[in-house]
Number of protein chains: 2
Amino acid sequence: MLNTILKAGQILDLFSFDKSEWGVSEIAATLDISKSSVYDLVASLAHIGLLQRTEQGRYRLGWRMLTYSQILLQSTEFRAEARKGMEDVAAELGETVHLAVLDGNMVVYADKLQGHNAVHVAVTNSGVRLPGHGSAVGKVLLSHRPWHEVVSIMEEQGMTAFTANTITSIEAFRDELEQVRKQGYAYDMEETVVDLCCAAAPIFDFAGQVIAAMSVSVPAYRFERQPTLYRNAIMRVCRRVSRNLGYVPAHSNPNVDTKEVLAHESKRT
Amino acid sequence: MLNTILKAGQILDLFSFDKSEWGVSEIAATLDISKSSVYDLVASLAHIGLLQRTEQGRYRLGWRMLTYSQILLQSTEFRAEARKGMEDVAAELGETVHLAVLDGNMVVYADKLQGHNAVHVAVTNSGVRLPGHGSAVGKVLLSHRPWHEVVSIMEEQGMTAFTANTITSIEAFRDELEQVRKQGYAYDMEETVVDLCCAAAPIFDFAGQVIAAMSVSVPAYRFERQPTLYRNAIMRVCRRVSRNLGYVPAHSNPNVDTKEVLAHESKRT
DNA sequence: TGAATTCGTCCGGTTATGTCGAACATTCTT
DNA sequence: AAGAATGTTCGACATAACCGGACGAATTCA
């Protein structure tokens, strides 16, 4: 691990919605690095466009971030497919639809679509990062990771309770994930936000890996009346998206070695 | 300038829409860096989330890019204001509206909105970077930079002709920029794309600095019939956006020292 | 099917270079 | 107008980034 890059990462992580502008001394004090080192770091980061220098010598995130993120989104094949599915769900149910992926320890929202009679979920715009427990998409994504990995993630960042319903014990979470993986969908019964429920399902790629999760968010009073309606809709769409990505759902045994599958695949270029 | 960061920047710049996945050896050969160094670099970049490792040990841009870009966009106050203006223009004229900022030597599109009878300009999505000469927004942004800076930018990247109308001589460009600055708007008469014309105007912040440019893109046959209609609409909206950002257009002399203006401003935190 | 090539990954020595403290320049505060 | 912040520059030292080489695994070719 290169020290310089790690420090650059620490600096970038300081920039948030609440505090989007930092000075050299400020950064140095926060991260306990010498002022001159920070100066070199931010100057270099500004030079490659990840930061930009204001006229007063302070620093903000650079516009090249936008460029990179667009390249990422456009080159991610599944996203175009997923988008179509999201539009179908939004049109059919009229609720808010989310697309999420796993980035290290956190769930990142990759896309969002508001239905015509949707509640506005302010905190879940694209790019927002949330811990994996508690949200329906988080459960789906984590349910397909090895258990020891889930444990270390939970240990590292704890299991904060967002509402009274949030799962906060590791044992309960293990049971929940097992059920989610088995039945192919996850619910969020007001575990993240009160009065808001979600149903989520996984999206598989051609190699049978879970690469994303899609969810529909519905006000609790509406959701509780017919949860299976939302669950079935999201599962149906996710299955179709997965199939369009080359997933073959025939596998009765999901633990098949992916190498064999890959060996039979034609080369992608 | 820190070597490590510069190399990280070179690596990140390799990732494009056409080639969004790179291997270690591939990067090493392209940038003429030793394979082991590249390995350390990409592993570190993946660790801080700017890259992600595929299962085969190749690398793609990381999802944290999306997070950073969202923070950038949401924390850029002017963007919310500009968005309102863009919606007004799109509603009034029904054409495609662009918002652009200057990032080093390049013009970056920060936002885009399609009008109801708009032509589709495929190459100008958010995040796309283009050279400054030739486009209307580029002229507007560059017209408020010191001339020697414009010269060095043009010398560095040349003045490629996109169409027969593109300005390719530095003298003609100086005259054009002078006129643009004086009259407060810029035209693009099929200088970037044939059959497409634009009108652009600057957006000022509270300190009187040009921080962005907004443009409307119209098919040439429609534009040529009444160019002043589009010019006036875009200027009117840009003036309003600037005013909402705290710009005081009263200055009869635009060369007033900004320090005085800043001294009268209350502290922003 | 087996051999050969190419890939990502790992390791340790060398030296380039990132780091730090101190001094300077600049801006904001009192 | 003085003081205390800030961002910036410099030079010397010691760290850690860099490279070449070796390894296993995956892929390609015969």
Side-chain angles (χ1 to χ4, degrees), chain A residues 1-12 14-15 19 21-48 50-60 62 207 209 257-269, chain B residues 1-12 14-15 19 21-48 50-60 206-207 209 257-269:
Chain A
M1 287 305 108
L2 303 186
N3 219 319
T4 314
I5 303 281
L6 297 189
K7 284 186 182 157
Q10 288 183 55
I11 291 178
L12 290 177
L14 291 178
F15 293 84
K19 184 151 181 49
E21 204 173 310
W22 288 77
V24 173
S25 304
E26 218 173 357
I27 297 174
T30 309
L31 297 180
D32 203 37
I33 309 177
S34 80
K35 211 167 49 157
S36 31
S37 290
V38 171
Y39 177 76
D40 282 343
L41 283 165
V42 293
S44 302
L45 285 171
H47 189 258
I48 66 170
L50 295 186
L51 292 180
Q52 56 181 318
R53 219 192 80 115
T54 69
E55 297 199 8
Q56 305 88 25
R58 315 192 76 220
Y59 290 84
R60 315 186 75 254
Q209 295 292 311
D257 196 343
T258 52
K259 288 170 196 164
E260 297 183 17
V261 179
L262 282 163
H264 288 269
E265 277 290 330
S266 57
K267 192 165 155 251
R268 301 175 303 156
T269 322
Chain B
M1 288 305 107
L2 303 187
N3 219 321
T4 314
I5 304 280
L6 296 189
K7 285 185 181 157
Q10 289 182 55
I11 291 178
L12 290 177
L14 290 180
F15 293 83
K19 184 153 181 48
E21 205 172 310
W22 288 76
V24 173
S25 304
E26 217 173 357
I27 296 174
T30 309
L31 298 180
D32 203 35
I33 309 177
S34 81
K35 211 169 50 159
S36 32
S37 292
V38 171
Y39 175 76
D40 282 343
L41 284 164
V42 294
S44 303
L45 285 171
H47 188 258
I48 65 171
L50 296 186
L51 292 181
Q52 58 181 318
R53 219 192 82 114
T54 69
E55 298 197 10
Q56 305 88 23
R58 315 193 74 220
Y59 291 85
R60 316 185 72 252
F206 72 97
Q209 295 292 311
D257 196 343
T258 52
K259 288 171 198 166
E260 296 182 18
V261 179
L262 283 163
H264 288 269
E265 278 290 329
S266 59
K267 192 166 158 252
R268 300 173 302 155
T269 323

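Naming: A, B, ... by sequence-line order, numbering from 1 per chain. Small disclaimer: the values here were computed from a predicted structure and weren't measured. The figures that follow rest on heavy atoms only: side chains count, while hydrogens, waters and symmetry mates do not.
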Side chain proximity check, Thr54(B) to Arg60(B), heavy atoms < 4.5 angstrom: yes
List for me each residue that meets side-chain contact (heavy atoms from CB on, under 4.5 Å) alongside Ser36(A), sequence neighbours excluded, and say none if there are none. Ser34(A)
Please report the distance, rounded to the nearest Å, between CD1 in Ile11(B) and P in dC18(D). 9 Å
Report the residue (Ile5(A) or Tyr59(A)) whose heavy-atom-nearest nucleotide on DNA chain D is the more 5′ of the two. Tyr59(A)
Would you call Leu12(B) and Leu51(B) a side-chain contact if the rule is heavy atoms closer than 4.5 Å? yes
Those residues that, when tested against Leu6(A), pass side-chain contact (heavy atoms from CB on, under 4.5 Å) (two or more places apart): Met1(A), His47(B), Ile48(B)
Atom CD of Gln56(B) and atom P of dG8(C): how far apart are they, to the nearest Å? 11 Å
Dump the intermediate steps for side chain to side chain contact (heavy atoms under 4.5 Å, CB included) on Thr30(B) and Trp22(B), then the final yes or no. CA-CA 10 Å; Thr30(B) 309; Trp22(B) 288 76; 3.5 Å; yes
Could I get the full list of salt bridge (Lys or Arg N to Asp or Glu O under 4.0 Å) partners for Arg58(A), not counting sequence neighbours? Glu21(A), Glu26(A)
Give a yes or no on whether the backbone of Ile5(B) and the side-chain of Ser44(A) come within a donor-acceptor separation of less than 3.5 Å. no
Looking at every heavy atom in both Tyr59(A) and Tyr39(A), which two are closest together, and how far apart are they? OH-CE1, 4.5 Å
Strand-adjacent residues in residues 22-30 of chain B, judged by heavy atoms under 4.0 Å from DNA chain C: Gly23(B), Val24(B), Ser25(B)
Ile27(A) side, atom CD1; Ile11(A) side, atom CD1 - distance, nearest 0.5 Å: 5.0 Å
Contacts under 3.5 Å, N or O only, protein and nucleotides 12-14 of chain D:
none

Would you mind reading off the distance between Leu31(A) atom CG and dT19(C) atom C1', rounded to a whole angstrom? 15 Å
CZ of Arg58(A) versus P of dT27(C): gap in Å, rounded? 15 Å
With sequence neighbours left out, write down each residue that passes side-chain contact (heavy atoms from CB on, under 4.5 Å) with Lys35(B), or none if nothing qualifies. Val24(B), Ser25(B), Ala28(B)
How many whole angstroms separate atom CD1 of Ile33(A) from atom P of dT19(C)? 8 Å
Test for a donor-acceptor pair under 3.5 Å between the base of dG8(C) and the side chain of Lys35(B), counting only N and O atoms. yes
Thr4(A) side chain vs Thr4(B) backbone, donor-acceptor pair below 3.5 Å: no
Of the residues in residues 36-45 of chain B, which ones touch DNA chain C at a heavy-atom distance under 4.0 Å? Ser36(B), Tyr39(B)
For nucleotides 14-17 of chain C, give me every protein contact, N/O to N/O, under 3.5 Å, one pair per line with atom names.
residue, atom, partner, partner atom, Å
dT17(C), OP1, Asn3(B), ND2, 3.2

Separation of dG21(C) atom P from Asp32(A) atom CG, nearest Å, is 10 Å
Measuring from Ile33(B):CD1 to Asp40(B):CG, what's the distance to the nearest 0.5 Å? 11.5 Å
